Amino acid sequence: MLLLLTLCMFCTVPVSSLENGLARTPPMGWLAWERFRCNTDCVEDPEFCISERLFKRMADLLVTEGYKDAGYEYIMMDDCWLTHKRGEDGRLVADPERFPGGIKALADYVHKLGLKFGIYEDFGTETCGGYPGSLGHLEVDAQTFAEWGVDFVKMDGCNSDPKDMDVGFPAFGAALAATGRSMIYQCEWPLYQGGAGMLPNYTAIREHCNLWRNFYDVQDNWNNIQGIIDYYGDDKDGFLEHAGPGGWNDPDMLVIGNFGLSYDQSKAQMALWVIFASPLIMSNDLRTIRPEFKEILQHPAVLKVAQDPLGRPGRRVARKEHIDFFTRPIHPIYKGKYSHAVVIFNRWADGGVPLKVSFTPSFLGIADGRAYVVSDIYSGQVLGTYKPGERIKVDVNPMGVRLLRFNIVGLRSNMTEGEEDLGCDVLNPGKTGWRGD
């Protein structure tokens, strides 16, 4: 009965299609969770606890260290910012010791820097960390966020029934829209339904949310990152096709610059998140990040692909031994034919040496009877102009990538049908002299 009454509360908010004009390209910003978690001990650990001090400092660094100019515009809180009880008026209350100025003052600080402010809540009775959830309070929480000047809402799904989400998440989206304030709406809706063995309705999710998580939380280790890459590469639920301007699949945060990823692994995470047309939401300590990781995150040519206005996500198109191939259609477009971003991903953790890979545009399935000027996006090196059947040769580091741009040019291939080279070869130079088993 209580559940039915709660769901009836949803019915007071008219559910309609989410057309809020936001997130026309994947959002970019910074989020506290993966790096700082639920650290609330500001007495013993004041530099790392979830507090207005932390968020103000990260907001400052987004501006002074060039992240804002590169496109990272959101500064976002995650769980554990609340007190453990709502106020007497039924509204959410920030912890007064860790956020003495209140959330509106923090949002105002962020806005004065030319940034936008994001906040976290949960669809259930409590957040994942045990703080007040929004179930039964959808309208008042949406209105509170609007009054505080929030620009982005991440809605989690702990302590709730996944069966209720098909009604509840759209209801909260409608409540946000009813406030009249433009707020990006991120849903964890498919994450919890998939975890419960349900098949998420991505058509409905796309209709009501700007972003949606659909797989496990990112962690600061390579096995976790590779698992996410494989989930997106497999695309078993067909979720990739639902992404585009205004709504994006979210494989979770970038953990570049923390403790668990090497330089090559960091380049791989960045490149593949870009190929998937994913939001680029960092979770790291901007006070101590090393220059080589900062360079990855701010790389202008990489971010140009990330923010390509075509907004079509890439896919895994081929596998060969230890190498996965991904392509994403991008600008420029020539006579209706696309250019492409391409990732060649070396999965081999035990190889010890880079693998030598040769392939053709035809092998990737992107040959449109045109030629491509191929360049390495990270290094800027132009590899040459290639027709559909001509071999491109690259070395790919273990657990690393080559991120290439295939710019279509107005040259039609003279190659006749049946003559195109559809092959791909992977050579391990570490075994050229090996005669053992």
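Treat the numbers as computed from the prediction; the structure is a model and nothing was measured.
Asp234 has a carboxylate O that lies under 4.0 Å from a charged side-chain N of Arg316, or vice versa, which qualifies the two as a salt bridge. By the 4.0 Å N-to-carboxylate-O rule, Asp376 lies too far from Arg405 to be salt-bridged with it. Between Lys56 and Asp60 there is no salt bridge, since no side-chain nitrogen of the basic residue lies less than 4.0 Å from a carboxylate oxygen of the acidic one.
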Exercise. Step by step, work out the side chain to side chain contact (heavy atoms under 4.5 Å, CB included) result for Leu113 and Leu62.
Key: CA-CA 9 Å; Leu113 294 174; Leu62 282 183; over 6 Å; no
Self-check item: Stepwise side chain to side chain donor-acceptor pair (under 3.5 Å) test for Asn214 and Tyr232
Solution: CA-CA 10 Å; Asn214 51 13; Tyr232 271 67; 3.0 Å; yes
Practice problem: Check the pair Arg370 / Val409 against side chain to side chain contact (heavy atoms under 4.5 Å, CB included), numbers first and verdict last. | Solution: CA-CA 7 Å; Arg370 305 280 176 175; Val409 293; over 6 Å; no
Self-check item: CA sep, side-chain torsions, deciding dist, call: Phe276, Phe326, ring pair (Phe, Tyr, Trp, His ring centres under 6.0 Å)
Solution: CA-CA 9 Å; Phe276 297 138; Phe326 298 80; 5.8 Å; yes
Practice problem: Any chance you could lay out the salt bridge (Lys or Arg N to Asp or Glu O under 4.0 Å) test for Arg37 and Glu34, step after step, and finish with the verdict? | Solution: CA-CA 6 Å; Arg37 306 286 173 156; Glu34 201 290 323; 3.0 Å; yes
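Phe239 and Tyr231 have their aromatic ring centers within a separation under 6.0 angstrom. Aromatic pair Phe152/Tyr185: centroids not less than 6.0 angstrom apart. Note: His84 and Tyr131 meet the aromatic proximity criterion, with ring centroids under 6.0 Å apart. Aromatic ring centres of Phe117 and His111: separated by at least 6.0 Å. Aromatic ring centroids of Phe345 and Phe325 lie 6.0 Å or more apart.
No side-chain N or O of Gln298 forms a donor-acceptor pair with one of Asp69 less than 3.5 Å apart. Ser283 and Arg35 are not linked by any side-chain donor-acceptor pair at a separation below 3.5 angstrom, with hydrogens and angles left out of the test. In this model, a donor atom of one side chain and an acceptor atom of the other lie less than 3.5 Å apart for Thr127 and Asp79. Side-chain contact annotation: Asn284 with Asn258, donor-acceptor N/O pair under 3.5 Å absent.
The CE atom of Met399 sits 15.0 Å away from the OH atom of Tyr263 when rounded to the nearest 0.5 Å. Distance check: Leu272 CG to Ser278 OG gives 9.0 Å after rounding to the nearest 0.5 Å. Distance check: Trp81 CH2 to Thr40 OG1 gives 14.5 Å after rounding to the nearest 0.5 Å. The CD atom of Glu295 sits 11.5 Å away from the CD1 atom of Ile289 when rounded to the nearest 0.5 Å. From Trp273, atom CH2 reaches atom CG of Asp252 across 8.0 Å, with rounding to the nearest 0.5 Å.
Under a 3.5 Å cut-off, the side chain of Arg213 and the backbone N or O of Phe215 do form a donor-acceptor pair. The backbone N or O of Gly21 lies less than 3.5 Å from no partner atom in the side chain of Arg24, so there is not a single donor-acceptor pair.
A 4.5 Å side-chain heavy-atom check between Ile225 and Val255 finds at least one atom pair inside the cut-off.
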